[in-house]
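The structure appears below as structure tokens.
Just so it is clear, the model here is predicted, and its values are computed rather than measured. All chains are named by letter (A, B, ...) in the order of the sequence lines, taking the proteins before the strands, and each is independently numbered beginning at 1.
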2 protein chains.
Amino acid sequence: MDRAEARERALDAAEELFYGRGVQSVGMDDVRGTSGVSLKRLYQLFPAKEQLVEAYLVRRDTRWRGELAAYVERRPEPDERILAVFDWLAKWFREPGFRGCAWLNAYGELGATSERVAAQVRAHKRGFRQYLEDLVAAAGRPDALAGQLFLLAEGAMVTAGVTRSAEPAAEAREAARRLLGAG
Amino acid sequence: MDRAEARERALDAAEELFYGRGVQSVGMDDVRGTSGVSLKRLYQLFPAKEQLVEAYLVRRDTRWRGELAAYVERRPEPDERILAVFDWLAKWFREPGFRGCAWLNAYGELGATSERVAAQVRAHKRGFRQYLEDLVAAAGRPDALAGQLFLLAEGAMVTAGVTRSAEPAAEAREAARRLLGAG
DNA sequence: ACCGTAGGAGAACGCTCGTTCTCGCGTCAA
DNA sequence: TTGACGCGAGAACGAGCGTTCTCCTACGGT
């Protein structure tokens, strides 16, 4: 197992464990057990747990936004693309093991104590919001709409996480549809 | 200092510390130091830290929803009342020391490990949502609107917490106004 | 064959923190 | 006055865990 593969395995384990059980209730020893990467190697790759958390959030951010964009861009119409964001959320919420937004969970746990984690969360949310702004601009809609869609999406993620239901995605989609209709 | 006063002081300290720094980074010894209530007394009043957290969330829920209702009910018009919810959020977001929604923060920190805390969070959100449903019904608006307003409010709280800005309240208010206008 | 090095397993260390215990003082009933 | 009790201060205990260290094995180059 070379360095790159060890890194991937460590991040796979970190993602599964941190997202599923929360960061603080997972020890480095759990990451070792799940990944098969020894503690020594883990600390060579990530000098401290905080940096493993950061790397987990970075990698997940890339994949999350990539999958969203891939899904959305299958729709040809600009207005359809905007609504597709909420369809994708619904699909995500229904995945087994869904436990809310990884970044908001991490922020609740570590935002007050880790500046690196807080910065990652802000970067992810900024990226998502920027993506919505791009979709809104491409549809020739007013800028202000993007912020409103963003709030609907955030509310849906948080509510789906707490209530363990996919329903908020449909509610948010309907609200978005009405905002589009009225705009 | 009798039992009731000790309880209030303990909860005052718990609220200040848990909300300001997160639950996990505050020790029972910090609560003792801030409240002036001895550890022995604290453990008489709350047999475990988890129950102090629970009591903190319960008491804050009562006050939070009470203050919201008091603010909203100063407006006579039903539609105005709905929008007043977002004005109140804006006021809350601007308070010094605002650090996001206490319940969502607690959920991110403890939702995965404490069923009691998770239940309190769900109860609080259910109560808030029910309040919106009442306002919507009183305005003669369709039920579905309440869920949409709820998502806007949740999105605004979460975004205001992460970005340390009151702006999301105004964005959510504008979206709500448009949903009302279109409904 | 031999040495140097990398890496794995897991013990060890040090700190934090939830919870309990000890001790000593003040109070109040009889 | 005395003795039982409640309580505060803070030490003590024990578990969890991030991080480092020790020891041993395996292997690659000469």
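For the contact set between residues 21-39 of chain B and DNA chain C, defined by any heavy atom under 4.0 Å, the members are B/V26, B/G27, B/M28, B/L39. DNA chain D is contacted by no residue of residues 10-18 of chain B, taking any non-hydrogen atom closer than 4.0 Å. Of the residues in residues 47-60 of chain B, B/A48, B/K49 come within less than 4.0 Å of DNA chain C through at least one heavy atom, sorted by number.
Here the C1' atom of nucleotide D/dT19 and the CG atom of A/L42 are 12 Å apart, to the nearest Å. Counting to the nearest Å, the C1' atom of D/dT22 and the OH atom of A/Y43 are 17 Å from each other. If you measure from atom CG of B/L45 to atom C1' of D/dC7, you get 13 Å, rounded to the nearest angstrom.
Bounding nucleotides for the chain B contact on DNA chain C, 5' to 3', at a heavy-atom distance below 4.0 Å, are C/dG18 to C/dT22.
In this view, A/F86 satisfies the ring pair (Phe, Tyr, Trp, His ring centres under 6.0 Å) rule with no residue, not counting sequence neighbours. Shown here are the salt bridge (charged side-chain N to carboxylate O under 4.0 Å, His left out) partners of A/R65, two or more places apart in sequence or in another chain: A/D61. For B/R122, the side-chain contact (heavy atoms from CB on, under 4.5 Å) partners are A/V162, B/Y107, B/E115, B/A118, B/R126, not counting sequence neighbours. With sequence neighbours left out, the side-chain contact (heavy atoms from CB on, under 4.5 Å) criterion links A/D143 to no other residue.
Judged as a side-chain hydrogen bond (donor to acceptor under 3.5 Å, both in side chains), the pairs with a partner in residues 36-50 of chain B (not counting sequence neighbours) are, in order, B/E50-B/S114. Listed by first and then second residue, the side-chain hydrogen bond (donor to acceptor under 3.5 Å, both in side chains) pairs that reach into residues 147-163 of chain A are A/K125-A/E154, A/Q148-B/R178, sequence neighbours excluded. Sorted by first and then second residue, the pairs that involve residues 14-24 of chain A and meet side-chain hydrogen bond (donor to acceptor under 3.5 Å, both in side chains), not counting sequence neighbours, are A/E15-A/R59, A/E15-A/R60, A/E15-A/R63, A/R21-A/D30. Applying the ring pair (Phe, Tyr, Trp, His ring centres under 6.0 Å) test to residues at least two apart or on different chains, the pairs with a partner in residues 127-154 of chain A are A/W64-A/F128, A/F128-A/F150.
Between B/V53 and the choices B/V58, B/V23, B/V26, the side-chain contact (heavy atoms from CB on, under 4.5 Å) rule is met once, by B/V23.
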Problem set entry | Pair B/E133-B/R129, salt bridge (Lys or Arg N to Asp or Glu O under 4.0 Å): steps then yes or no | CA-CA 6 Å; B/E133 285 173 10; B/R129 187 182 176 120; 3.5 Å; yes
